[in-house]
**Q** 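The following block contains the structure, expressed as C-alpha cells.
Counting begins at 1 with the first residue of the sequence. Computed from heavy atoms alone, side chains included, the values below leave out hydrogens, waters and symmetry copies.
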Amino acid sequence: MNSENDTLKRAVELDRAGFLPGVAENETEFFARVAATLEAHKSFLEKLESERELLVFGEVRVSETDRIPAEITAEAEEVTRRLYDFGIEHVPGFFLSRDVGLLWGGCMISDPDEFLSIFLIRGAFRTRRKWLFYNRQELLAHELCHSMRQSLRDVPLEEFFAYQTSPSRLRRYLGNCFIREYDAVWFVIPALLLFGAQLTQSFWLPGLPVWPFWPLALAYPAFLLVRNALSRRLVFRAERRLAVFGIDNPGALLFRLTTPEIREIGGLTDRALFDRFVEERAAAELRWRVIRSRFIRKPQEEEEDHETDPSGELS
C-alpha cells in the first residue's frame, strides 16, 4: 500500500511540474518517459553551456546568450498555475531574431524520439511584453499548455485549452478554429480563387460571373466557426456539470482529459454517476488516479470540511 501511495504522490508532483501521463500509460512507462525527458534536457543544456551555440533538430540555431531568463518564464507560469494548476521549468526557451517570418511571434518545437522540446519567441520580446498583436506572457503560457497536453494526442481541443491563456476575448473564442495544418490552407485557397476571379473579370473576362466563388470562399470559414462553436459547447457543458458535482477547479480537470472523456462527462446527470465514471477509469489508468487525487474530493470529505471551523475543531 505504501508503495502505491508513494507512486501516486510522485505522479502527482510530476503533474504539478507539467508531466501528464498519457492515455493508458502505466506507471513504469510514465516514469521512464519523464526520466528520459529530464535527462535529454539536462544533456542539452550541458552541451549548450559548453559549446555556447547549438543547431537544434537540424534547423534552428540557439545560443546560451539568447536563453529566456527565469523571471520571464515565471510570467507564463502565473497563468498556467491559475488556469490549470501546473508549471513547467524543464523546457528551455530562447529568443530568436534570425531567419524569422515577418509576423512570426513564437512556437514550441520538439522531437518525441529525442524527448527534447524548446520554446522559441521573437527577439523583440527580450525587452518588450508586447509586439504587434502578440503578448509575451500569452505566447509562453500557450506553448506550456501544448508541452503538457501533448501526451494526450488530443487534436480537437488542443488549441482551445492553449488559447484560454489569452487576455483577448476574441482569441479565446476563435483560437480553436485552426486545429489542423490543412485548416489554414482551405481557409486561404477559396479566398484566393475569389480574388483571382475578380481580377480576371476586371482585366480579361468582363462577362465572368464572380458570384459562384463567394459561397466557395465562405464555406470553409463557416465550417470552422460551426466546429469551433460545437467544441466550446462541449467543454462548457462538461464544465457546468463538474461545477454542479462540486469540483472546485473544473477547467484544470478538463485540461487533463481527452475530447471523448469530456463529452461523456457532459452527459452525466448526477454526482453518483460521475463518481462511478471516475472510479472505473482510475482503476485502469494512472492519469485518472492523479486527477482523482488532485481535483476530486468525495462528498463525505466536503461534508467534513463544512463541519470543521477554521481552527480545525468541530462546530
**Q** I'd like to know if the side chain of Glu264 reaches the main chain of Glu261, judged simply by a donor and an acceptor atom lying under 3.5 Å from each other, with no hydrogens or angles considered.
**A** no
**Q** Just so I know, are the side chains of Ile247 and Phe274 near enough to count as touching, which here means a heavy-atom distance under 4.5 Å?
**A** yes
**Q** Compare all side-chain heavy atoms of Trp288 with those of Leu257 and state whether any distance is below 4.5 angstrom.
**A** yes
**Q** Within a strict 4.5 Å, meaning less than it, do heavy atoms of the Met108 and Gln150 side chains meet?
**A** yes
**Q** His90 vs Phe19 aromatic rings, parallel, tilted or perpendicular, using cut-offs 30° and 60°?
**A** parallel
**Q** Checking side-chain hydrogen bond (donor to acceptor under 3.5 Å, both in side chains) for the pair Glu46/Ser43: CA distance, chi angles, key distance, verdict?
**A** CA-CA 5 Å; Glu46 288 176 350; Ser43 298; 4.9 Å; no
**Q** For a 4.5 angstrom cut-off between non-hydrogen side-chain atoms, does Ser147 reach Phe119?
**A** yes
**Q** Is there side-chain contact between Ser231 and Phe236, with heavy atoms separated by less than 4.5 Å?
**A** no
**Q** Would you say that more than 12 heavy atoms from the other residues, nucleotides or ligands in this model lie under 6.0 Å from the CZ of Arg16, or not?
**A** yes
**Q** Students often mix this up, so state it plainly: with edges at 30° and 60°, are the rings of Tyr84 and Phe255 parallel, tilted or perpendicular?
**A** parallel
**Q** Decide yes or no on side chain to side chain contact (heavy atoms under 4.5 Å, CB included) for Lys130 and Arg136, but give the supporting numbers first.
**A** CA-CA 6 Å; Lys130 294 183 178 180; Arg136 184 175 70 188; over 6 Å; no
**Q** Are more than 12 heavy atoms from other residues, nucleotides or ligands located less than 6.0 Å from atom CZ of Phe203?
**A** no
**Q** Please say whether more than 12 non-hydrogen atoms of neighbouring residues, nucleotides or ligands are located less than 6.0 Å from CZ in Arg233.
**A** no
**Q** Side chains of Phe94 and Ile121, heavy atoms from C-beta outward: is any pair under 4.5 Å?
**A** no
**Q** Quickly, which of Glu138, Arg171, Glu143 forms a side-chain contact (heavy atoms from CB on, under 4.5 Å) with Thr165? Name it, please.
**A** Glu138
